[in-house]
There are 2 protein chains.
Amino acid sequence: MVLDEAATSRADVPAAKTKKQRQTEVAKHRICDAVVDCLDEFGYAETSIKRVQARAGVSRGALTHHFPSKEEMMVETVERLLQPARPKSGVLKASSAEKDLLKLWARVVDTKEGRALVEILVAARTDKGLHARISPGLSRYNDGFNAEVVRLYESVDLDDGDVATLWTICRVFLRGLHMQERFDAKPGHTAKIMKRFAEIIGPHMRPREVE
Amino acid sequence: MVLDEAATSRADVPAAKTKKQRQTEVAKHRICDAVVDCLDEFGYAETSIKRVQARAGVSRGALTHHFPSKEEMMVETVERLLQPARPKSGVLKASSAEKDLLKLWARVVDTKEGRALVEILVAARTDKGLHARISPGLSRYNDGFNAEVVRLYESVDLDDGDVATLWTICRVFLRGLHMQERFDAKPGHTAKIMKRFAEIIGPHMRPREVE
DNA sequence: ATATAAACAGAACGTTCGGTCTGTTTCAAG
DNA sequence: CTTGAAACAGACCGAACGTTCTGTTTATAT
């Protein structure tokens, strides 16, 4: 949904001229989409190459050709997931921190792509190789996110550094909520907790005056 | 550290009279300790039976004898982990919610046992069989925890239900912080975030007057 | 038009996993 | 003392995994 067809054409790369290049791009796109599906549906441990292959509808050879290893496949998937999830993409509107936080949960975190990303993150905690590969991109994303929120908000209690801290707290909470969601069958429960949290942390930030 | 040698003797079960029973208890204890070690050190995915066996210093046959399946092994480990982690054990003192929260993090969550428990929890999200087995114990623990905090605290803003909600938020946050800790190399960072969070949510609860 | 390399297909490989199975030793009840 | 079951030891098994390898097709550069 975030990575729809339109996204392919508006790629930052010179847009794939030759047919072979287009083939490759399409194949990789299909495969990474399948990875996201599998991660969301089965979790990292159960996302085997065979399963991805079947879901993507490509042969074993094709998959191996584009991604020589599973790690490679995951790395590229993470990069694709990180790209549209940027706060720049317009999720944060700075009407109020409380509203933005709820929006961030609903539109970014609590989505198929958000859940898939967390699956990889969780796996990377204990997989050193994977961790090393995705760390740079993750840091870049976090830095960009922090810069964005500092630009949009100011702390009620302290300095600008506190805004970054507060949003880090929010990110940590959202990740924790993610874990809990897979346990709690009750659907309303998560929303209730999310709402109360936003209510509590929201007042500690205020939107900056537009210049 | 929570499950030290002393803990073995003060068991709630009639304390294992016959030698065979004692042997079994010792073996199981050694194995579950090894499971905890491996989970903390390598994560769930890398915690194979072979690894546990090696760490515990028992033969494959012995391990299989006491735990016919890996799932069985994990279930018993969870039960042992949940036992001493009870809030009843005296972690919460109700001097202030802020202090109790920091204590909860340092003495329960951010320990070898706490990390091991989260590993199993995370794995159980996508492992239906394991999930079904540990759910009851987990619910019991959560209920006990909620009852305890409601007994100790009252909400500043709302009713008693809110106290449970607030502490659920805390638990969610702690779980999220756990994830983040394995990424952030900087040691002080986690403590800083933890402190700020406690500072924010603490004032929403107040200790009940002692009766 | 032809050569070359990429895209693709699928068989084959070695490893590791969890589980089972066959023995041997040790304890305790009768 | 004998007997049976539990504690223990380790070999064995089939399945699944990720990777590697050998072909075949297809597109593009010369």
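Per chain, numbering begins at 1; letters A, B, ... match sequence-line order. Worth knowing before you read on, the calculation uses all heavy atoms, side chains too, and leaves out hydrogens, waters and symmetry mates. Please read these numbers as outputs of a predicted model, since none were measured by experiment.
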Query - Which nucleotide in dA7(D), dG19(C), dA9(C) has an atom nearest any side-chain atom of T24(B) - result: dA7(D)

Report task. Between dA28(C), dG10(D), dT28(D), spot the one nearest the side chain of R60(B), thanks. Result -> dG10(D)

Report task. Output, in order, the C-alpha distance, side-chain angles, deciding distance and verdict of side chain to side chain contact (heavy atoms under 4.5 Å, CB included) for V122(A) and Y44(B). Result -> CA-CA 11 Å; V122(A) 167; Y44(B) 188 89; over 6 Å; no

Could you state the atom-to-atom distance from [atom1] of [X] to [atom2] of [N] in whole Å?
X: R30(A); N: dA7(C); atom1: CZ; atom2: P; value: 16 Å
X: E25(A); N: dA6(C); atom1: CD; atom2: P; value: 18 Å
X: K70(B); N: dG19(C); atom1: NZ; atom2: P; value: 8 Å
X: E46(B); N: dT15(C); atom1: CD; atom2: P; value: 18 Å
X: M74(A); N: dG18(D); atom1: CE; atom2: C1'; value: 12 Å
X: F42(B); N: dC17(C); atom1: CZ; atom2: P; value: 12 Å
X: H65(A); N: dG23(D); atom1: NE2; atom2: P; value: 19 Å
X: L63(A); N: dT19(D); atom1: CG; atom2: C1'; value: 12 Å

Query - NZ (K70(B)) with more than 12 external heavy atoms under 6.0 Å - result: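 Enclosed: over 12 neighbouring heavy atoms sit under 6.0 Å from NZ of K70(B).
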
Report task. Please figure out whether I49(B) or Q23(B) has its closest DNA chain C nucleotide nearer the 5' end. Result -> I49(B)

Requested in this report: Return the 5'-most residue of the pair S48(B), K19(B) with respect to DNA chain C, ranking by each residue's nearest nucleotide.
Outcome: S48(B)

Is [X] close enough to [N] that one of its side-chain N or O atoms is under 4.0 Å from OP1 or OP2 there?
X: S59(B); N: dG10(D); value: no
X: T64(A); N: dT19(D); value: no
X: H66(A); N: dA6(C); value: no

Query raised in the report: Which residue, G61(B) or E71(A), contacts DNA chain D at a nucleotide closer to its 5' end, judged by nearest heavy atom?
Result: G61(B)

Query raised in the report: What about K20(B), does its side chain sit under 3.5 Å from the base of dA7(D) through a donor-acceptor pair?
Result: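 No such pair is found, so the answer is no.
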
Query raised in the report: Name the one of K50(B), K28(B), R30(B), M73(B) that satisfies side chain to side chain contact (heavy atoms under 4.5 Å, CB included) with L63(B)?
Result: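 Answer to the side chain to side chain contact (heavy atoms under 4.5 Å, CB included) test with L63(B) among K50(B), K28(B), R30(B), M73(B): M73(B).
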
Query raised in the report: What is the minimum heavy-atom distance between A27(A) and H66(A), and which atoms define it?
Result: CB-NE2, 3.5 Å

Query raised in the report: Do E119(A) and R182(A) meet the salt-bridge criterion of a basic N to acidic O distance under 4.0 Å?
Result: yes

